[in-house]
Each structure stands twice: as structure tokens, then as C-alpha cells.
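Letters A, B, ... are given to chains in the order of the sequence lines, protein chains preceding strands, and every chain is numbered from 1.
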Number of protein chains: 2
Amino acid sequence: MVSKKQEEILNYIDKTIKSNGYSPTVREICEAVGLKSTSTVQYHLKKLIDLGFLNKSENISRSITSRTVDSKYGIPILGEISAGQPLMAEENYIGELPYFGNEINTELIALKINGDSMIDAGLYNDDLVVIDKSMIPADGDIGAFLIHNTEATVKYVDTIADKRYLIPANKNYDNIEIDENITQIGKVVSLFRDM
Amino acid sequence: MVSKKQEEILNYIDKTIKSNGYSPTVREICEAVGLKSTSTVQYHLKKLIDLGFLNKSENISRSITSRTVDSKYGIPILGEISAGQPLMAEENYIGELPYFGNEINTELIALKINGDSMIDAGLYNDDLVVIDKSMIPADGDIGAFLIHNTEATVKYVDTIADKRYLIPANKNYDNIEIDENITQIGKVVSLFRDM
DNA sequence: CATATAATAGCACATATGTTCGACAAAAAA
DNA sequence: TTTTTTGTCGAACATATGTGCTATTATATG
């Protein structure tokens, strides 16, 4: 996760690159965010780089580049959903997908596709799907759901004979009727695949 | 006005900013354009700044900015490939995909998938695939190719009986033998889908 | 040809800047 | 409570980097 200080650093870097055309030095960041040691900055920079928000060349001055110049927050990637924990609990957090939309949207999360139940919809194992929690999947949409509050799943939604179902895109899987055991997370709005 | 050397310097600066995200040092310019003294570079830099081509802050490393480069580093999205035009020609450019990889890489382009010839590989119509031009698709990989220099296509590559083929992931399409009409663009490294 | 202007080189200096290491306190987890 | 993680500091070090000065050579210009 990105701490308060890290966000502050990120913002300062973005602002500087945007207004100056080049990135600040470690010492400039130090001063700007009210830290007294350059190594504290290095510490945070390393984290931000690991999270994918920044990039930097070693031993090269002012070589920080930022992907978040136009946006502030990454999309949290959730892995295995821990039983009993609320969806956004730390336990579930496995990384962050840099956000590059135009508006800041805290309603976005990313889930890693597990298995092949949606393969006929072009959602493959290990794909990352971005879910907008503020959108309700309509019939025919692909949505993300929580089963028994312990397992996240991505499926088509549709109404058959007045009942709503989660519908896999793979003949080897059965439809699941939506009942009280199933909580809606949101609508799947985009997909990333690394090959 | 602008001498040969100065143009060379300008080009190098632009190229560097574009690919690295930050400007080169005086010494790097020195080396790159084949000069032996940093003060010669300073001499030219001053001229270029006076002429308004460059901007620079005093005593600040890597602070050169260029008017001829916009500091955006998205991945260019290429649409219909115009016959006769080089791949990266303006004619083909239909937009920019915000960059989300780890390193800044000028060898990346994005192509919009057209048709369903790769549907069994999970590449759907209108998907955007990111192509790394610096990578050669090996057997089994998905690559991007230019047919007759006019049409871009994305297919599996494989060797069958000592011949290399472009192989669609859709039974309704035939394999295409790779011959002199087919130019390799690069390897498909990731996928983006908006739903 | 003599002279001004444009390019280039070499070097040295000051400092801007990234990096490392050890220590320590606060917060979180076990 | 004990242990681990996270955040912080300070100082020292190595080098990356901008700058200034002088001298030399090429190219133009009168």
C-alpha cells in the first residue's frame, strides 16, 4: 500500500516533472515533503518503484520518471479472498495496478482470474480484470461476485426464468443461482494480460 | 542559423528525452555527437537556447527541456496501416495508450485487433495488443507482422516441417507461410481490453 | 593577406547528487 | 510482552555533472 508520505512524495515528483520538465533530486524531495534525511527518501522511493509508480535509473541524477503524472492512485489488486475478512482487507491485497484513466476513481479494484471458467469470454487464467464497484452488472455483462464472502469469482450475469444466475463462459461449468450467499462486487470494465 | 552539429545535438536530446524520460548530461551529449570537449557542447547549447529550441536551468543536472518534444510517453496505437508508408508514419497513428510497464521503452507500439482470427487465443476484436518491436517472436509466441507492407496482423508463429508459418487461433482461417511478403514487427507482450 | 567569427579541445574546479551504513524510535504483528 | 516491520535520521563517500578559462584550428569576410 502507499503510505501518506509516499503519496506526498509521488505528488511532489509529479508536480515537479509537470512544471519543470525534469524530475527533482532526492534532496529536493527530502526538503519538499519535510523529511530530514535523504535516505528516508531513498527508502520511500524504493517502495514506490517496487509498486510500479516510479521508475529510475541507478546513479543517474534526476532520472525519476512517473506514470502517475495524470493520476494519483493505483488500482489495488486483490488475490485470494481471505475468509471472514472484508473485501478490501490487507490480507487480500497482492499488488497495485497503475491507474491511467482520466478521473480518480476509488471504486476500482483489480482481480486476478483464477481458472478457466470464463475462457470462452476471453478471460484467461492469470488475466487481471478491473472491476468498477460503483457499477451494477446488467444482464449480459460480466460481473465480479463474492461467494460465501470467501471466494471471488468473475462470471456473466443473466436472468433465466425470472431467476438471476452467474453464468460461466465454459460448458464444463454450471450456472450458479444468485442467492443470499452471493454478494456483488461490481462490473468488469477492462482486462489486462501479460504474455 | 542552426549548424549541422547543433541539429545533431538537438536530435540527440529529443531522442533521449523521449526514450529515457529525462534529458542527457553535457558529457553524454558530448560523447553522442562525437565531440571531445564538454565546453564545445556548452557552446552549442547556449546557441540552441538563445535560438529558443532548448530550455535549461542553471547548475541543475539534466534540466534541458526541448520544445520539439512533448514529454508524453504513451504507447502509440496504430490503426490501419497505410500502404507504402513506413509503419510508424503519422498516417497510421490513431492514439496513445498510457504506458504501464516497468521501463520506458520506445520499442513498444499498440495495435488494435481486427477480426476474430485469434479468438481461440483470447484475442478479441477491438482488443489492443502491445507489441515489443525489440523482441523476436519464437515458435509458440504470438507475434505481429506486416503483410505486403500494407496490412498488420497478429498471429501465432510456429515451424512446421522446416517452414515457418503464421498460425491463426481459429479453425476458420488458414496458416500463412512466412515469405518475403511478410515482415516481422515484434512480439505481442500484453493485452488491453475495454468492456 | 589580415582579421573576425565559428568550432573545437583540454583541463580544472566546485558542487550537485545518488548511495550506503549504522542507529533508533514508533507502529504493527505475533 | 517480544519480535518484526516501518519510518526516520545523520553522516560520510564517491562520482556525476555544470561551469569557466585558455588555447588552437577551421571558416568565413573584408
Side-chain angles (χ1 to χ4, degrees), chain A residues 1-13 16-17 20-51 53-66 74 76 82-86 88-96, chain B residues 1-13 16-17 20-51 53-66 103-104:
Chain A
M1 292 296 210
V2 186
S3 75
K4 210 83 187 174
K5 212 51 161 184
Q6 281 155 20
E7 200 178 317
E8 207 181 330
I9 289 175
L10 208 47
N11 285 335
Y12 174 68
I13 291 172
T16 306
I17 293 178
N20 293 345
Y22 49 85
S23 91
T25 64
V26 177
R27 279 173 183 78
E28 285 167 359
I29 297 167
C30 202
E31 167 109 0
V33 302
L35 285 172
K36 286 170 188 164
S37 175
T38 54
S39 67
T40 308
V41 175
Q42 300 262 21
Y43 170 84
H44 289 302
L45 282 182
K46 188 176 180 317
K47 301 237 158 181
L48 288 167
I49 290 166
D50 287 345
L51 284 171
F53 287 99
L54 299 177
N55 205 60
K56 182 178 163 308
S57 309
E58 277 183 19
N59 296 315
I60 292 181
S61 64
R62 297 178 186 278
S63 65
I64 301 170
T65 53
S66 171
S82 307
Q85 296 291 342
M88 299 303 290
E90 289 251 12
E91 283 83 358
N92 305 331
Y93 178 91
I94 57 169
E96 224 161 79
Chain B
M1 278 290 227
V2 185
S3 75
K4 210 83 187 171
K5 213 49 163 184
Q6 279 154 20
E7 203 179 318
E8 207 181 330
I9 289 175
L10 207 47
N11 285 336
Y12 174 68
I13 291 172
T16 305
I17 294 179
N20 292 344
Y22 48 84
S23 92
T25 64
V26 177
R27 279 172 183 78
E28 285 168 357
I29 298 167
C30 202
E31 166 108 358
V33 303
L35 285 171
K36 286 171 188 164
S37 175
T38 54
S39 68
T40 308
V41 175
Q42 299 263 22
Y43 169 85
H44 287 303
L45 282 182
K46 190 179 180 315
K47 300 236 157 183
L48 287 167
I49 291 167
D50 287 345
L51 285 170
F53 287 100
L54 298 178
N55 208 58
K56 184 179 163 308
S57 310
E58 277 183 21
N59 295 317
I60 292 182
S61 65
R62 298 180 183 275
S63 66
I64 301 170
T65 52
S66 171
E103 295 146 46
I104 289 181

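For A:I9 and D:dT8, the CD1 to P distance is 8 Å, given to the nearest whole Å. The CD-P distance, from B:E58 to C:dA16, rounds to 12 Å in whole Å. Note: CD1 (B:I64) to P (D:dG18) measures 7 Å, nearest angstrom. Rounding to whole angstrom units, CD of residue B:E7 and C1' of C:dA7 are separated by 17 Å. Protein atom OH of B:Y43 is 13 Å distant from nucleotide atom C1' of C:dA9, rounded to whole Å. Rounded to an integer number of Å, the gap from CG of B:L45 to C1' of C:dT8 is 14 Å. Atoms NZ (B:K5) and C1' (D:dT27) sit 16 Å apart, rounded to a whole Å. As rounded to whole Å, 10 Å separates atom C1' of C:dA14 from atom CG of B:N59.
Annotation: A:E28, atom CD; neighbour count of heavy atoms from other residues, nucleotides and ligands within 6.0 Å is above 12.
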Practice task
Could you give me the CA-CA distance, side-chain angles and deciding distance for A:L35 and A:H44, then say whether side chain to side chain contact (heavy atoms under 4.5 Å, CB included) is met?
Solution key: CA-CA 11 Å; A:L35 285 172; A:H44 289 302; 4.1 Å; yes
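Atom CD1 of B:I17 sits about 10.5 Å away from atom OH of B:Y12, to the nearest 0.5 Å. Atom CD1 in A:I64 sits 4.5 Å away from atom CD1 in A:I13 (nearest 0.5 Å). Here the straight-line distance linking atom CG of B:L48 with atom CD1 of B:I9 works out to 6.5 Å at 0.5 Å rounding.
OP1 and OP2 of D:dA16 both lie 4.0 Å or more from every side-chain N or O belonging to B:R27. In this model, the phosphate group of C:dT19 is approached by a side-chain N or O of A:K56 to a distance below 4.0 Å at OP1 or OP2. Contact annotation: A:H44 reaches the phosphate of D:dT8 (side-chain N/O to OP1 or OP2, under 4.0 Å).
Using a 4.0 Å cut-off between charged nitrogen and carboxylate oxygen, A:E7 and A:K4 do not count as a salt-bridge pair.
The side chain of B:T25 has D:dG18 as its nearest neighbour among C:dA7, D:dG7, D:dG18.
Within residues 35-42 of chain A, the residues having any heavy atom closer than 4.0 Å to DNA chain C are, in order of number, A:T38, A:S39, A:Q42.
At distances below 3.5 Å, at least one donor-acceptor pair connects side-chain atoms of A:R62 with backbone N or O atoms of B:S61.
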